Engineer: 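Before I ask anything, here is the structure I am working with.
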Amino acid sequence: MHYSPALSFSQPTSLPTTNYAFHSHVDLRFCGLRRQPSGFSFSTHSASTRVSLSTPARGHSNKISASSGNNGTPKSFDYDLIIIGAGVGGHGAALHAVEKGLKTAIIEGDVVGGTCVNRGCVPSKALLAVSGRMRELQNEHHMKALGLQVSAAGYDRQAVADHANNLASKIRSNLTNSMKALGVDILTGFGTIVGPQKVKYGKVGFTDTTVTAKDIIIATGSVPFVPKGIEVDGKTVITSDHALKLEFVPDWVAIVGSGYIGLEFSDVYTALGSEVTFIEALDQLMPGFDPEIGKLAQRVLINPRKIDYHTGVFATKITPARDGKPVIIELTDAKTKEHKDTLEVDAALIATGRAPFTNGLGLENINVATQRGFVPVDGRMRVIDANGNLVPHLYCIGDANGKMMLAHAASAQGISVVEQVTGRDHVLNHPSVPAACFTHPEISMVGLTEPQAREKAEKEGFEVSIAKTSFKANTKALAENEGEGLAKLIYNPDNGEILGVHIFGLHAADLIHEASNAMALGTRIQVSLQCENQNIFGSRICFLITWRSFEIVNISSLCHLGHQICSSCASNIVGSS
């Protein structure tokens, strides 16, 4: 599950589109969450900031020598790196730090795995796996079209809940064991920064312990955002944290917010028999998605299902069910601020986004002021103080900095920071980081939406071009009777820059990586009057054909060989607007 950096009724801001150089000496083994191949430039830090790459691995002396400072910084350190927060971002940074030979500790006040493993991505995927199978088994027409006969499908609520919980436990255990096996010290307690390169940690009621580190990474993540006027009791008025436990399946549930979280839970609840009502503050559902994709998704994911919706309204007051009364929701017109309606439902899920978890970090001790709770950072995740200056040796990654509130983005940011502290300048290319909503069918995207691209084009003086194809022309999708879908490429025809790619349809979350790789590697659309795609190893490659034929071309490999995408070929094959 992916979380929006702001409320569900706010439009996402355009991602930066800085061009980063790709130098030939980059290690092309970088891949996945461990490293990234492009979208950044490498250079060596100056001698004053460089950390020796020959730093001994775990098992060396407990103290790391360092020059003394005049501002109270220690003369020696307990660790090379301390990470506050053991979520996916902190875990990725810790493993990469050990790989780089850094003596590393990670501080966690709750449980290893953070939101993603315990209250987000992992348990939600378990529930969505159940909803996907239930939805297919319940679709009698779909089954008959395939020549299958299935008796009435049912489910065991507790068994479904146990599946999600057991999966989270397994992944949490795997993360913990991987860090222990590599020699990462796991320090239990809530971490607080008490000064430059100093952190204390401890449990409530116990004496705190102070430790020092050459570098510190803040990776404390986020919590569900609950607007004022909403009373959460954890039973009938719940957040995603509670919903993932699946303690009961309500007959009628209102979902406040129609972003990633709301859409995925609507998929789960309707598959399990609930009726859903969306409450959205903006005038249209799914405001964070590309409008064309959102319109199609609404026709497939919402209109045919037991879902109704109210748009342009705020849920200004929600009272939990008690004394035999249902959950009461008061709706207010978003524009006039006048009372519009009152709903009575069995349960309400608050899916209005995530808020950074940064309270109590002790940022005031180093003159850092949060902005709407987010820790301010620069493009290299270095923390910025209240005076606009960089705080030496302090970084912040993941949801806590608000740049891109996705678990895999947090991990990539953590790896980027470790690259920096070990002497290699590293800037993460955020526009090439993909995202997905794991509904049935899925929605995925990377880069800008069409309105964002047109806004950029107007400012920079170019026209936007679009190429797209329907899944109705996709043989693999038709073989599975899943022809509803659309793949859409947005680009600048003047220089061939890929601005964004959006997919709705079967396996969309898998397919988006082809586009993400192309953007990360700086692949350009090659505008041509003649199609030169005579064979797959020619100088120009159309990657949209992969969505049509499902004969997946490994775009990342092709890009390494210097191939280009032929937009005229793409237009001829898939149609262009």
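All values reported here derive from a predicted model rather than from experimental measurement. Note: hydrogens, waters and symmetry copies are ignored here, and every other heavy atom, side chains too, is used.
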Engineer: Let's go through Glu338 and Thr332 carefully: what are the C-alpha distance in whole Å and the side-chain angles of both, what is the deciding distance for side-chain contact (heavy atoms from CB on, under 4.5 Å) to 0.1 Å, and is it a yes or a no?
Structural biologist: CA-CA 5 Å; Glu338 296 178 353; Thr332 300; 5.7 Å; no

Engineer: Answer yes or no: is there a side-chain heavy-atom contact under 4.5 Å between Ile302 and Leu285?
Structural biologist: yes

Engineer: Can you name the nearest heavy-atom pair linking Val117 to Pro123, along with the distance?
Structural biologist: O-CD, 3.2 Å

Engineer: Do the side chains of Leu343 and His310 get nearer than 4.5 Å, heavy atoms only?
Structural biologist: yes

Engineer: Where do Ile443 and Ile293 come nearest, in terms of heavy atoms and distance?
Structural biologist: CG2-CG2, 3.8 Å

Engineer: Just wondering, do Glu497 and Tyr491 contact through their side chains at under 4.5 Å, heavy atoms?
Structural biologist: no

Engineer: Please tell me if the side chains of Leu128 and His440 come closer than 4.5 Å, counting only heavy atoms from C-beta onward.
Structural biologist: yes

Engineer: I need the minimum non-hydrogen distance between His408 and Pro434, along with the two atoms involved.
Structural biologist: NE2-O, 2.7 Å

Engineer: Within the distance-only criterion (no hydrogens, no angle test), does the side chain of Glu480 pair as donor or acceptor with the backbone N or O of Ala477 below 3.5 angstrom?
Structural biologist: no

Engineer: Going through the checks in order, is the side-chain contact (heavy atoms from CB on, under 4.5 Å) test met by Thr270 and Ile307?
Structural biologist: CA-CA 8 Å; Thr270 53; Ile307 300 176; 3.7 Å; yes

Engineer: Could you state the interatomic distance from CD (Glu136) to NE2 (His142), rounded to the nearest 0.5 Å?
Structural biologist: 4.5 Å

Engineer: Checking Asp333 side chain against Lys335 main chain: does a donor-acceptor pair fall under 3.5 Å?
Structural biologist: yes

Engineer: Rounded at 0.5 Å granularity, tell me how far CD1 in Ile490 sits from CE in Met445.
Structural biologist: 11.0 Å

Engineer: A quick test of your reading: do over 12 heavy atoms of other residues, nucleotides or ligands sit less than 6.0 Å from CD of Gln158?
Structural biologist: yes

Engineer: When you measure from the side chain of Glu280 to the backbone of Ser258, do you find a donor-acceptor pair of N or O atoms at a distance under 3.5 Å?
Structural biologist: yes

Engineer: Looking at Ile397 and Gly90, what are the two nearest heavy atoms and their distance?
Structural biologist: CD1-N, 4.2 Å

Engineer: Looking at Leu263, is its backbone amide N or carbonyl O close enough to the side chain of Ser266 to form a donor-acceptor pair, meaning the two atoms are under 3.5 Å apart?
Structural biologist: yes

Engineer: Taking all atoms of both residues into account, what is the closest heavy-atom pair of Val375 and Leu363, and its distance?
Structural biologist: CG2-CD1, 3.9 Å

Engineer: Looking at Glu330 and Lys340, is there a salt bridge between them, counting it only when a charged N and a carboxylate O are closer than 4.0 Å?
Structural biologist: no

Engineer: Mark yes or no for whether Glu344, through its side chain, and Ile328, through its backbone, hold a donor-acceptor pair below 3.5 Å.
Structural biologist: no

Engineer: So how far is it from Ile350 CD1 to Ile255 CD1, rounded to the nearest 0.5 Å?
Structural biologist: 10.0 Å

Engineer: Are Pro441 and Phe504 close enough that some pair of their side-chain heavy atoms sits under 4.5 Å apart?
Structural biologist: yes

Engineer: Mind running side-chain contact (heavy atoms from CB on, under 4.5 Å) on Cys396 and Phe374 for me, showing each step along the way?
Structural biologist: CA-CA 10 Å; Cys396 180; Phe374 295 106; over 6 Å; no

Engineer: Is it the case that the ring center of Tyr260 lies less than 6.0 angstrom away from the ring center of Phe265?
Structural biologist: no

Engineer: Donor-acceptor pair, distance only, cut-off 3.5 Å: does the side chain of Ser516 make one with the backbone of Ile512?
Structural biologist: no

Engineer: Test Lys472 against Glu484 for salt bridge (charged side-chain N to carboxylate O under 4.0 Å, His left out), laying out the working first.
Structural biologist: CA-CA 6 Å; Lys472 288 182 173 65; Glu484 292 284 2; 3.6 Å; yes

Engineer: Can you find a pair of side-chain heavy atoms, one from Glu482 and one from Phe471, that are under 4.5 Å apart?
Structural biologist: no

Engineer: In terms of side-chain geometry, is the basic nitrogen of Lys306 or Asp251 positioned less than 4.0 Å from the acidic oxygen of its partner?
Structural biologist: no

Engineer: Check whether any side-chain heavy atom of Lys235 sits under 4.5 Å from a side-chain heavy atom of His242, and report yes or no.
Structural biologist: no

Engineer: Can we say Glu460 and Lys456 salt-bridge, meaning some charged N sits less than 4.0 Å from an Asp/Glu carboxylate O?
Structural biologist: yes

Engineer: Using a distance-only test with no angle check, is there a side-chain donor-acceptor pair under 3.5 angstrom linking Thr311 and Asp283?
Structural biologist: no

Engineer: Would Glu450 and Lys488 pass as an ion pair if we require N to O under 4.0 Å?
Structural biologist: yes

Engineer: Nearest 0.5 angstrom please: Leu146 CG to Leu148 CG, how far?
Structural biologist: 5.5 Å

Engineer: When you measure from the side chain of Thr358 to the backbone N and O of Gly373, does any donor-acceptor pair fall under 3.5 Å?
Structural biologist: yes

Engineer: Side chains of Asn401 and Gln413: is there a donor and an acceptor less than 3.5 Å apart?
Structural biologist: yes

Engineer: Should we count CZ of Arg157 as having more than 12 external heavy atoms under 6.0 Å?
Structural biologist: yes

Engineer: Examine distances only and state if a side-chain atom of Arg354 and a backbone atom of Ser222 form a donor-acceptor pair shorter than 3.5 Å.
Structural biologist: yes

Engineer: Could you go step by step and tell me if Leu486 and Glu292 meet the side-chain contact (heavy atoms from CB on, under 4.5 Å) rule?
Structural biologist: CA-CA 9 Å; Leu486 177 70; Glu292 186 174 13; 4.0 Å; yes

Engineer: Tell me if a side-chain donor or acceptor on Arg135 pairs with a main-chain N or O of Asp267 at a distance below 3.5 Å.
Structural biologist: yes

Engineer: Apply salt bridge (charged side-chain N to carboxylate O under 4.0 Å, His left out) to Lys144 and Glu140, showing your working.
Structural biologist: CA-CA 6 Å; Lys144 283 186 176 180; Glu140 185 178 351; 3.2 Å; yes

Engineer: Can you name the closest pair of heavy atoms from Gln138 and Ala153 and give their distance?
Structural biologist: CG-CB, 4.5 Å

Engineer: Around atom CG of Asp378, are there more than 12 heavy atoms from other residues, nucleotides or ligands closer than 6.0 Å?
Structural biologist: yes

Engineer: Would you check if Gln298 and Gln284 make a side-chain contact, meaning some heavy-atom pair closer than 4.5 Å?
Structural biologist: no

Engineer: Got a salt bridge between Asp233 and Arg322, using NZ or NE/NH1/NH2 to carboxylate O under 4.0 Å?
Structural biologist: no

Engineer: Any side-chain donor paired with an acceptor under 3.5 Å for Ser274 and Trp252?
Structural biologist: no

Engineer: What's the separation between atom CG in Leu127 and atom CE in Met134, rounded to the nearest 0.5 Å?
Structural biologist: 13.0 Å

Engineer: What distance separates Asn165 CG from Leu244 CG, expressed to the nearest 0.5 Å?
Structural biologist: 10.5 Å

Engineer: Does Lys245 pair with Asp162 as a salt bridge, N-O distance under 4.0 Å?
Structural biologist: no

Engineer: Hey, are Glu231 and Lys317 close enough for a salt bridge, meaning a charged N less than 4.0 Å from a carboxylate O?
Structural biologist: no

Engineer: Check whether any side-chain N or O of Asn118 sits under 3.5 Å from a backbone N or O of Gly114 as a donor-acceptor pair, and report yes or no.
Structural biologist: yes

